[in-house]
Amino acid sequence: EQAWSNRGILRYNKLQDYTGAKIDFDYAIRVDPKKGINYKNRARCWIKFGKKAEALLDLETAKQLGIDVNDLMNTANALQ
């Protein structure tokens with residue numbers, strides 16, 4: 001899980017490869033679906049894609065798993 005998560009973060013932050021990052025976070029979530037940070041990180045990708053419903057769903061899951069998502073909630077809600 002950690003390797004997929006780390007690569008996703010690298011793709012998102014350094015390469016601005018949001019599609020690749022989302023795929024990596026998908027894999028990280030499959031390996032460990034109880035690690036909330038990966039849902040939050042995937043929500044960042046959904047926001048880049050303009051996918052409000054998907055972003056909000058991942059943010060809600062992350063929140064239920066104990067992750068603070070307040071910093072992204074307004075951004076996700078502002079999507080059309």
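Just so it is clear, the structure is predicted and the values come from calculations on it, not from any experiment.
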query: Could you state the interatomic distance from CE (Met73) to CG (Leu56), rounded to the nearest 0.5 Å?
result: 6.5 Å

query: What is the minimum heavy-atom distance between Cys45 and Lys22, and which atoms define it?
result: SG-N, 3.6 Å

- prompt: What heavy-atom pair brings Ala76 and Ala55 nearest, and what distance separates the two atoms?
  reply: CB-CB, 4.1 Å

message: Within this structure, what is the CG-CD1 distance for the pair Asp68 and Ile37, rounded to the nearest 0.5 Å?
response: 9.5 Å

- prompt: With Phe49, which residues qualify under ring pair (Phe, Tyr, Trp, His ring centres under 6.0 Å), at least two apart?
  reply: none

task: Return each pair, listed once, that meets ring pair (Phe, Tyr, Trp, His ring centres under 6.0 Å) where at least one residue sits in residues 9-37; pairs must be two or more places apart or across chains.
output: Trp4-Tyr27, Tyr12-Tyr18

query: Which pairs count as salt bridge (Lys or Arg N to Asp or Glu O under 4.0 Å) when at least one residue sits in residues 27-36, sequence neighbours excluded?
result: Glu1-Lys35

query: At what distance, to the nearest 0.5 angstrom, does CH2 of Trp46 lie from CG of Leu57?
result: 9.5 Å

statement: Taken in chain and number order and not counting sequence neighbours, the residues that satisfy side-chain contact (heavy atoms from CB on, under 4.5 Å) with Leu65 are Tyr39, Thr61

message: Could you check whether any side-chain heavy atom of Arg42 comes within less than 4.5 Å of a side-chain heavy atom of Asp26, counting everything from C-beta outward?
response: yes

- request: Scan residues 71-80 for pairs that pass side-chain hydrogen bond (donor to acceptor under 3.5 Å, both in side chains), counting only residues two or more places apart or in two chains.
  value: Lys40-Asp71

query: Do Ile67 and Leu59 share a hydrophobic cluster, counting only Ile, Leu, Val, Met, Phe, Trp and Tyr and linking them when any side-chain heavy atoms are less than 4.5 Å apart?
result: yes

NZ on Lys63 to CG on Leu72, rounded to 0.5 Å: 13.0 Å

query: More than 12 heavy atoms of other residues, nucleotides or ligands under 6.0 Å from NZ of Lys52: is that the case?
result: yes

task: Of all the heavy-atom pairs spanning Ala28 and Ser5, show the shortest one and how long it is.
output: CB-N, 4.0 Å

query: Taking only residues two or more places apart in sequence or in another chain, which ones pass side chain to side chain donor-acceptor pair (under 3.5 Å) with Arg44?
result: Asn41

